[in-house]
Amino acid sequence: MAESFFLLAATFIPLLLAPVAYFVGKKSGAGTVTWFSFGVLAVSTGLLALPALALQGGMSAYVESYQWSQFGNFGLRLDGLSLPFAMIIYILCTVLAIYSKPYMIHKIMEDMPGASRHENPGHGGQVTLTADQQSYVNHHMGLYFALYLAFSMGMFGTVLATNVIEFYVFFELMLVPSFFLVAFYGYGARRRIALMFFFWTHVGAVVLLLSLLTMGFFAGGFDFDTIRANAHLIPQEWLALIIFGLVAGLGVKLAAFLLHIWLPYAHAEAPTPVSALLSPAMIGIGAYGLLRLWLELLTGSYEQYSLYINMWGLATIIYGGAMALMQDDIKKVLAYSSISQMGYILFGLGSESVLGITGATMLYVTHGLGKAVLFMMAGSIILQTGTRSMSKLGGLAGKMPYTAVIAMIGALTIMGVPPTSGFMAEWTMFNGVLQTAANDGDWFRSAMFGFGIMGTILTSAYILWMIKRIFFGKIPEEMAHVKEASPYVTATMAAFAALSLIIGVYPDLFLAPVSDYVQGMFADYPGVLPIPEGSGLIEPAEGSSVGLEEGLSVGAEAGGNH
Amino acid sequence: MVDPIFVGLAVLTVGSAIVALDTKELIYGAIGLAISMLGIAGFFLLLDAPFVAMFQIAVYVGAVAVLIIFAVMLVRTQALFTVREDKGRKAAGIILMLFIMGGLGATLLISGLNTPGSFTAPPVDIMAIGQEMLTYYSPTLIVMGLVLAGAVIAALALARREDVEQKDERAS
Amino acid sequence: MVTEFFDAINVWLIWILPFAGAAIIPAIAKGSKSARNYIAVGFALASAASAATLIPTALAGHEVHSQVSWISALDLKAGVLADPLAIIMTNLVAWISFLIMVYSLGYMHGDRDLTRYWFFMLFFIGSMQLIVISDNLLMVFFGWEGVGLASYALIGFWYHDRKKDYVGVEGHRAGGIAMWTAPTHAGMKAFLMTKAGDVMMLAGMFLIFAYAGTFGFKELLADQGWAQAMAAENLLVPAAVLLFGGAVGKSAQFPLNEWLLEAMTGPTSVSALIHAATMVKAGVFLVARIGPLFFALSALNTGQFFEVVAWTGAITAFLLATQALVSPEIKKVLAYSTGSQIGYMMMALGIAGISLNYVDGYTAGFFHLMSHAMFKASLFMGAGAVLHTVHSRFMTDMGGLKKYMPKTYMFMLLAALSLAGAPLFTSGFWSKDAIFAAVLESGYSQAMPLFIMAVVVAVMTAFYTFRMIGMTFFGGKSKHVEKIEHEGHHVHEVGAVMWVPFGILAVATIIVGVSGFLFEEQLHHLFEEYLGESFGIHEAAPATERVFLNLNPVAAAASFGAFGVGAALGYVFYIARKADPAAIGRNIVTRGIWTFLYNRWYLNTALYWGGVIGPMAIYRFIWRYFESTIIDGINPAFQGAMTYMSRWVKGSQTGITQTYLFVFGAGILIVVMLLLL
Amino acid sequence: MWSKKMNELVDFLIVSVVLVAVGIYGLVVKRNAIRMLISIEIIANAANLNLVAFSRYTGNIQGQVFALFSIAIAAAEVAIGLGLIIVAYRLYKEIDVAEFRSMKG
Amino acid sequence: MVDLTSTPILVTVILGVVGLAIPAIDAGRRERGIDRNKLYSAIAFGALAVAMGIVIFKVFTGEVLPAVAFSEGVLVDDLFGSFFAIALLLVSLMMTASSWNYWKGRSNPAAYYSLILLSSIGMVLIAYSTDLVMLLVAWELMSLPTYALAGFAKRDPVSNEAAIKYFMFGALSSALIVFAIGLVYGMTGTTNIGDSVRAMTNLDASMMPVGLLAVALFIAGFGFKMGLVPFHMWLPDAYEGSPATIGGLLAAGTKKAGFAAALRVIVLGMFALNADWTLTLAILAVFTMTIGNIGAIMQRSVPRILAYSSIAQAGYIMIGIALAPYSDQALSGSLFHIINHAVMKSAGFIAVAAVAVGLSAYSLEKYRGLAKRMPITAIVLSISLLSLAGVPPLNGFWSKLVLFGAAINAGPLVEWGPWLAIAGVLNSALSLGYYAWIMRKMYMEEGPDMSKVKEPRAIVAVLVFALVFMVGFGIWHAPLLEFASQAVPDLSFMSGAAPGPLGR
């Protein structure tokens, strides 16, 4: 038993209050339930922040463990690896709750029986409603937030799990509410797409489950600690199968190349706040799974397969980027962009160096913030203009300046341009890859590094082209009266953008615990390159003079060379 | 060398079973079944189980066959004298029958049960039947009672005319 | 000497102030528009003043190095390093930027997006200062991307893509590729092309970091174990060349030169900033920054790196100079010229590394950077003034403006003379001459071809400069000018807020020119000391005798000659208008050459076919025949398969009891068979 | 009593198997519900024969007891089966089981 | 000889007396004005509750034996039996309670409840039997009433059709079981399971074919109840056509009793024969789950989907039985899944009953918009479907987890073990397709009539109970799994597997 219950509370408060949220929404209306959900999530985030601070203070891991069942203990563990994931998930959820209000009111009214489309472009909630309509909206807002809270909790629990079965339970738990969210509030053929999303990710999950079970049975226990300690008991031929299952199962969640069938649809057709959660927060958990379940628990097998992960990541980067270029629908661009970004993460995970793996983790953080901003931008565009086809848009920068500016920061985050967090993540990740390539003198890895880093140009291309088509150029006639989005939208977007900038300038918030932890994970594995160590800062008095001496002699030799 | 009585009984039993199934008139089929069961009772006698044989005659010939004959009587004649069967299915049925016969028979023939002088054990005492039933099988006997009671309740419930019950049961 | 943050606050403020200004500009704009304008300029001035406080340090040959902790996880520190190189550069950047900011007050007057303009201008300046003043590559890269971003935003400043903001001749296509560009497109192109360079720079940085574990210039110099390790694996030169790749992108060197020409879609003040003080100079500065480091390592055969730099510079200089000969747009002529001049600088910095006297080439390159910054800023601002008046970017729409805009004419002429390298009294002459001399004296085996290229480029430079001046200010009024006069526009001189800044710079370039040899001497001395102290690079004895004013005779002769030939030709064709340039259209050979140059050597065409249209076609193919058919087909195919199988199962479930029983009976047999197996 | 020792166990078993097969044939082929019932009775009898034969073979009484139970059960089954058939007849005026196929697929 | 205070006897007596008393009371009372259905429902419910209480009480006071495979008597009072008794009585309780509403106004309630009670006795006794004769008689006691119950809606041709199909198969298979028992008896000379096992351990090799034949016939006989492919053909028709509560009783109750019987008898096979026959069971398991799931995809009637789904679930349970010799988790997984499936499937059929009461409809099309019309029914049906699909953290997930885990755990011993897990896992993913389809109809589509329908109270109560069970044991599955693993007859000495992490 743990002495404190911060994480337990942070995990289950949203779930337990989800039904309450429904009734609050039904009785008191959209505004109340929005702030209620926001409050719930904010409190949970606060509860998470307390142990997180302890972690910043130098503690290596904060664990709560409870007696559970034959499958081991039910534990919640915050350490360098889960901290960024958990933090980003709850921050995203908390802020997006507010964003949801105008968006979902608009969406629900659009779907309301008898409502004509775009009756009220842009300003959902400001027209007078009949009592029936009001109760319809309230009912749905309540339902939306109930599902939303459950979804948040599912994602959160996954990254804190300390037991493979627990991991799987949460992994699936986040799937069910998201299925309903897409199915109830999505666009287009939302039901079919929700089913498809549910089905394929579930297939991935069960494949994962097989691997988890195999690991557990061979290691004689399902707790992470047990498995890590007994990983050597797993026979070699089974290990390959386990890893295949892990990678394939989590690859579906990550929507890696060839396993991405579900993603473009699910992300494009989900309601925007949900897209903004699905895309960055949820699919990235696949990466967390790989880190935790494979790299940490089965460390010994990592080096053997890292190259393939690397290659797969590269394929995903390029493929996702290329496909994003082909889209006209904003959300589809972003969906393919997510695929591509997951490719970066995979690329980093396959880097076989601490720096690369740290970078991959940071990429989750940065992708979470950046892609959320971009999806929110798409939502804002949908709200204000009623279309998301870029060929119908253009020149909106003047009409929606705040949205444009914040979206640009989001775009920079995704492109990996300083001073956004994107750069911090990308450079560490790529540096790790190159470090391995250089260290091994492996031309193949070097080539992959080259292609990978050139992939960032592709990323920039589709993002900039998207921005150009939305915000720049001539304004179409029918967009002449478009107005700026409501503060609910812009303020929440700005929050993420600001966070991205803060992390970009001061990355220690996440980088320090992650890199320490990853370093520790591979402490016994010399094949995984540690972070390069500098010679330390030269103390000017001695250091520079030494440098000078050497420089002198070298300079002299250089002179003689010609 | 096989006992002629055995052969006779076998022919009678199997033959009347086939007759029971394949005659045009259902009433003859019921009678055929009764004869077949008598044949089985004969086998029981051959096997030194007169009590079972008597029970067989009482229950099967006395009750079951008669029950079936009553049922046949209840059903209108037009349903009784038209034998409708599908050629293909009949052929398939015969093939299946032969396969089962061959398969099961062969299995038994190659097994250890196919040994000469199998009935060397002394015939059992009829009295032991009662004893066994009332001691070892006493719970079974109770349950058997329940089975019969249940069958009666079920049969009564099914056979009751619906005239007294008005409500629609299921609209499908 | 590593100093505390607050002890070196003036250094930090150089880049912090512009950023801070950028951050508060939007807030101030809510209040007062004019306050916003002046505060923006004020921040630029403050930054410049802060830079100026460092001048004594530089003159004394000292340096200020201050660090604060930054990324503790990787043991990285943020820091500023104000050594003489950085101090000179930062002052140059700060003051020229300040003048351009002042100029903007007039030039951009009345634009409705001024807030954005000021924001990005300050951001631009701040980023550039960050590049200059940072003590490590990572922070340099922050600034590096910052200038990229700002240039993207400013090139596409007029994002509504109105026709008048385009560059290029509308309707002209080369090899199927449109040669005219909208502002937003140009911004994107600039960003992506420089990104290609950035990527290389990153790769270089990463390589160094992988071995050294640090990005700091001082640290890299202090412990050179990393260099030996890299050299052992033949990675040192590649790393350096990759770093140089970043400079190639930013400084628009061949083969990443194409973006610079389209960058003219931005406001002219922005062009001035890009070309004079920020952005393109960043590349040169980077080479100046890392050059000594690699030269100090030349025991490890870093000479190849410098060869690459020199040749890239030479090729670019030649390439862009030829293109400048035929461009009809005034800003584009200046843009070509920038690229070409940057080529000179690169050539100088490169040749320095393969010569005996590193300091000579180094000084020459940096001197040229300085003089170019001054005259090019002046020229651009002047061109802006002309554009402002004439409302056309084409020189054919100008002509005879001399009498309408005398001040503009005068100052532009001075700056143009400097660009053309008019002997003895222009800074351009001295710096160019120093480059010639450095090339000649380098002792590099291929020095002669380089020298010849440099001279040819000088000839062309003089020619196109005179062509520009002539077409703009001489001759009769063009139809366009007549038309706008007819429409009621008065063609007039621009206001003082505009002409004063470029006047100052034009005069400055002449002042430097007049005292050129002293100035050069001083600079040479400063760098000699700096390189000696920091890098241990010392001057060897000069290889050749110097004569009058310490000039290399051959180089000086070449300078004189080149200016003479180029200027004379330009004068004949465009000022005196003795010969009609249209004659070239009548000869098939000259016309062919003209077309080739006019179409920019078809580089743009190749770039678009190879970099945009080709890949897009491939992507479209994949999209259509893989993503949309195979990947999207998985789900329906699976569904179809399941439906088919389900139908089969349903079909077997006939509803007929006999069938069921048959299956049951067969099932027994099957089970028996399975068991017997 | 008058049983002949030359009969072997396997003979009875074969008869039993033949009866089972015949019963299955009847079930599979015949569409008349009552005939199907008859088939089932034939199979049940075959099984009983088996039991008694084994009882004789092993000299153990349990087989016979079991046979008695089995016979009783078969009778109960017949009662219910006939009940169902009567109900079906009332509903359809028909006892052709192959016609009872409103549910399928 | 017979311990009158042992659990099976007490249950038999209580339920038997009440079961026989109900028709007797009914015959005696002729007056109108009292709702006979409610009265008998209450009585039957009370009796079942008391029986259930006794079973649970006996388990908790520890008066039952640990799981016993072999006993001298025909019945044994052990945990294995009690486990099944609890599961099966639970099903009967749920069905009886929901019949309070469902059977309202229908014919002959006295016989209806009486037969349910009698059938329940049969089911419970199967689990307690240690003698093949007892097993057969209990089997018949379970089966005979359900033949009648399936056809109890006498005005309804579909019900009758279902009953006739069910009956034909039932009668045939019980005859085959008799035949099989006869063979075992012939080989060993006894009908007691323990004795026959002992006799079989030193059996002549020449008897092997007979043994195999017996096993085959047992598989066919019990497999019919369990819904094993290829003995499953009757099942969708019978479940669909029967009154919904009876469909539930068949799917959740008698089917599980089939497994109880198979588990009791399977011990025979284990000792008598070398373990080759497990592969046969494994193949059947894979076919069963696959065909069940595939069959369900295109169905348009909810009870029929549930019927196919129960075929598939039988396949999962079979994994445990097939792997019984190799992994000691396998059987506990099977048992765990049996009790879970009993509740899940009951909840499903009761929800169908609720819709039948409220809307008189079974077709999936009529379920459109059910979430608005009957919210509680819809939510419980959804939860039970998700649980059937094995979505965590519902109880169905945990039992599947144990089953698949056991299959993987057996990997080092039998190479086809993990394939079972793979097949099971893929199948359960596939099954989500049609479960989610039902949910889609209920939650995301709107029918022509969207008026609110009153949900029958008793059914709602039962549904809520099921919901609590599914979610509760989903969150904290440990006690149930613990119980299940203790109820497994001690087979581990046969399995060469090292005890897995689940322990026992």
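A note on names: the letters A, B, ... follow the listed sequences, proteins ahead of strands, and every chain is numbered from 1.
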Listing, residues 664-671 of chain C side-chain donor-acceptor contacts under 3.5 Å, not counting sequence neighbours, or none:
none

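- Using a 4.5 Å cut-off between heavy atoms, E:I297 contacts chain C through both its backbone and its side chain.
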#### Entry: Verdict with supporting geometry, E:I283 and C:L674, side-chain contact (heavy atoms from CB on, under 4.5 Å)
CA-CA 9 Å; E:I283 292 170; C:L674 280 175; 4.0 Å; yes
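- Residue E:F287 places its CZ atom among 12 or fewer non-hydrogen atoms of other residues, nucleotides or ligands, all under 6.0 Å distant.
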How about the chain E/chain C donor-acceptor pairs under 3.5 Å, what are they, with distances?
{"residue": "E:K165", "atom": "NZ", "partner": "C:G655", "partner atom": "O", "Å": "2.8"}
{"residue": "E:M233", "atom": "O", "partner": "C:Q653", "partner atom": "NE2", "Å": "2.4"}
{"residue": "E:D237", "atom": "OD2", "partner": "C:Y660", "partner atom": "OH", "Å": "2.5"}
{"residue": "E:I294", "atom": "O", "partner": "C:S646", "partner atom": "OG", "Å": "2.8"}
{"residue": "E:M298", "atom": "N", "partner": "C:S646", "partner atom": "OG", "Å": "3.3"}

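- When every heavy atom of E:F169 is checked against every heavy atom of C:L661, the shortest pair comes out as CZ-N, 3.7 Å.
- For a residue to count as touching a neighbouring chain, one of its non-hydrogen atoms must lie under 4.5 Å from one of that chain's; by this rule E:I291 touches chain C with backbone and side chain alike.
- The part of E:L430 that comes within reach of chain C is its side chain, from C-beta onward, which places non-hydrogen atoms under 4.5 angstrom from that chain.
- For E:L228, no part sits under 4.5 Å from any heavy atom of chain C, backbone or side chain.
- Of the two parts of E:L281, neither the backbone nor the side chain holds a non-hydrogen atom closer than 4.5 Å to a non-hydrogen atom of chain C.
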